[in-house]
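Quick note: numbers below take in every heavy atom, side chains included, and nothing from hydrogens, waters or symmetry partners.
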Amino acid sequence: MRYDEFVARVSQLAGVAPGEAAKATRAVLQTLSERIGPKESADTASQLPKELKDAFRPGAVAERFDAAEFVRRVAALTGLDPSVARTRTRAVFATLSEAVSEGELEDWQLGLSTDYVDLAARPAEVGGQPRSGIRGPRRPADSPIGAHDFLLRVAQRAGLEEERARAVTEAVLETFGERIAGGEAEDLAAQLPEPLGAPLVRAGADPEPIPPAEFVRRVAERAGEPPPVAREHARAVLTTLREAVTLKEWRDTEAELPREYDALLA
């Protein structure tokens, strides 16, 4: 990706002028280099246009700070309000994911804590063992997941506060209810604790054949967040949904979805 293309993409995603996008880009890359250290900074910089390479200014070792501190540093470098800095940071990370190879991103992404998911800086945790220690991927049939436990798993996978996890879960389940048949949505909802099943159930029996990109767009619109973040939140919710229902019920659900959904279903 050329420099002008990188800046134009950040400008588009953040809804700001190219000059502001360029300033935010350099601030985010400098802060990222402080977080991931010299080796990963050098490897990542090698895949970016030369105009951005000098934005990487790592110290001798990686500093371990959370997403809130990341945004604070970007805000200090740009002179922006933290809420504005967060929006622009998301735009830069979303563009970075398009400009750098997946393998290089993985070298440092999973070293970030899960609160970085909300910055579009890393994927959500979707394996069977969230870092909190809550066990996945399949519960015993006689030990159903309660509503609080469900939301806690989503929160920990995506690095969210519980109330935000509740809003994200509702957005994802409502969209999922549109994608699958009405009868299947009702069967899933019957296995979820109240009130989590309600967003799945909708009027009409026929599923909408929406592709994954449209699924993510609808989640993003409902949750009020950019699509790269909505995609990871969807993966966190759908992984937890898989854990909360019986294996037979989940297989029935998967059978309704094309292979293109595999990345979201984790």
Side-chain angles (χ1 to χ4, degrees), residues 66-68 109-110 112-180 182-202 215-216 218-220 222-225 228-257 261-266:
D66 62 14
Q109 280 182 328
L110 296 183
L112 304 176
S113 51
T114 54
D115 52 347
Y116 279 87
V117 174
D118 203 44
L119 294 183
R122 60 152 290 167
E125 290 192 342
V126 293
Q129 185 75 19
R131 289 184 181 179
S132 65
I134 291 180
R135 296 185 62 81
R138 177 62 47 199
R139 61 169 175 83
D142 59 350
S143 301
I145 296 175
H148 175 73
D149 193 1
F150 190 108
L151 295 175
L152 188 61
R153 293 186 187 209
V154 172
Q156 291 167 333
R157 284 192 161 105
L160 299 171
E161 298 293 333
E162 187 170 343
E163 281 307 304
R164 179 89 184 282
R166 184 184 303 276
V168 165
T169 296
E170 290 179 358
V172 174
L173 293 182
E174 183 175 354
T175 308
F176 202 54
E178 294 170 345
R179 179 57 187 83
I180 61 179
E184 186 58 41
E186 291 175 359
D187 290 345
L188 285 174
Q191 295 193 15
L192 292 179
E194 291 296 337
L196 295 182
L200 276 166
V201 182
R202 59 179 174 81
F215 184 97
V216 169
R218 294 188 188 190
V219 173
R222 284 174 169 137
E225 56 195 22
V229 175
R231 181 184 62 246
E232 296 309 318
H233 289 168
R235 294 175 72 227
V237 173
L238 293 175
T239 297
T240 308
L241 176 63
R242 183 189 70 214
E243 295 172 355
V245 301
T246 63
L247 181 58
K248 178 184 181 303
E249 193 58 55
W250 184 251
R251 285 177 173 169
D252 288 347
T253 302
E254 283 186 312
E256 292 194 15
L257 302 171
Y261 269 80
D262 285 356
L264 283 180
L265 299 178

Practice problem: List the steps, then state whether side chain to side chain contact (heavy atoms under 4.5 Å, CB included) holds for F176 with L257. | Solution: CA-CA 11 Å; F176 202 54; L257 302 171; 3.9 Å; yes
Self-check item: Intermediate values then yes/no, side chain to side chain contact (heavy atoms under 4.5 Å, CB included), E125 and T114
Solution: CA-CA 7 Å; E125 290 192 342; T114 54; 3.8 Å; yes
From [X] [atom1] over to [Y] [atom2], what is the distance, rounded to the nearest 0.5 angstrom?
{"X": "L238", "Y": "E254", "atom1": "CG", "atom2": "CD", "result": "10.5 Å"}
{"X": "E256", "Y": "I180", "atom1": "CD", "atom2": "CD1", "result": "6.0 Å"}
{"X": "E161", "Y": "L151", "atom1": "CD", "atom2": "CG", "result": "13.0 Å"}
{"X": "E178", "Y": "T175", "atom1": "CD", "atom2": "OG1", "result": "5.5 Å"}

Check whether any side-chain heavy atom of [X] sits under 4.5 Å from a side-chain heavy atom of [Y], and report yes or no.
{"X": "L241", "Y": "L196", "answer": "no"}
{"X": "L188", "Y": "T253", "answer": "yes"}
{"X": "L192", "Y": "L200", "answer": "yes"}

Practice problem: Could you give me the CA-CA distance, side-chain angles and deciding distance for T240 and R157, then say whether side chain to side chain donor-acceptor pair (under 3.5 Å) is met? | Solution: CA-CA 9 Å; T240 308; R157 284 192 161 105; 3.1 Å; yes
Shortest non-hydrogen contact between [X] and [Y], atoms and distance:
{"X": "A230", "Y": "V219", "answer": "CB-CG1, 4.0 Å"}
{"X": "T239", "Y": "L265", "answer": "OG1-O, 4.5 Å"}
{"X": "A165", "Y": "V154", "answer": "CB-CG1, 4.2 Å"}
{"X": "V172", "Y": "A234", "answer": "CG2-CA, 3.7 Å"}
{"X": "P228", "Y": "A120", "answer": "CB-CB, 4.1 Å"}
{"X": "P123", "Y": "Q109", "answer": "CD-OE1, 3.6 Å"}

Quiz item: Run the side chain to side chain contact (heavy atoms under 4.5 Å, CB included) check on H148 and E162 step by step: do they pass?
Solution: CA-CA 9 Å; H148 175 73; E162 187 170 343; 3.0 Å; yes
Quiz item: Between the side chain of E174 and the main-chain N/O of P199, is any donor-acceptor distance below 3.5 Å?
Solution: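 A pair under 3.5 Å: no.
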Quiz item: Quick check: does any side chain N or O of Q191 sit under 3.5 Å from a backbone N or O of T246, one acting as donor and the other as acceptor?
Solution: yes
Quiz item: Can you name the residues that form a side chain to side chain contact (heavy atoms under 4.5 Å, CB included) with A121, not counting sequence neighbours?
Solution: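 So A121 forms a side chain to side chain contact (heavy atoms under 4.5 Å, CB included) with F93, L112, Y116, L119.
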Quiz item: After noting the C-alpha distance and the side-chain angles of R164 and H233, does the key distance pass the side chain to side chain contact (heavy atoms under 4.5 Å, CB included) rule?
Solution: CA-CA 11 Å; R164 179 89 184 282; H233 289 168; 3.9 Å; yes
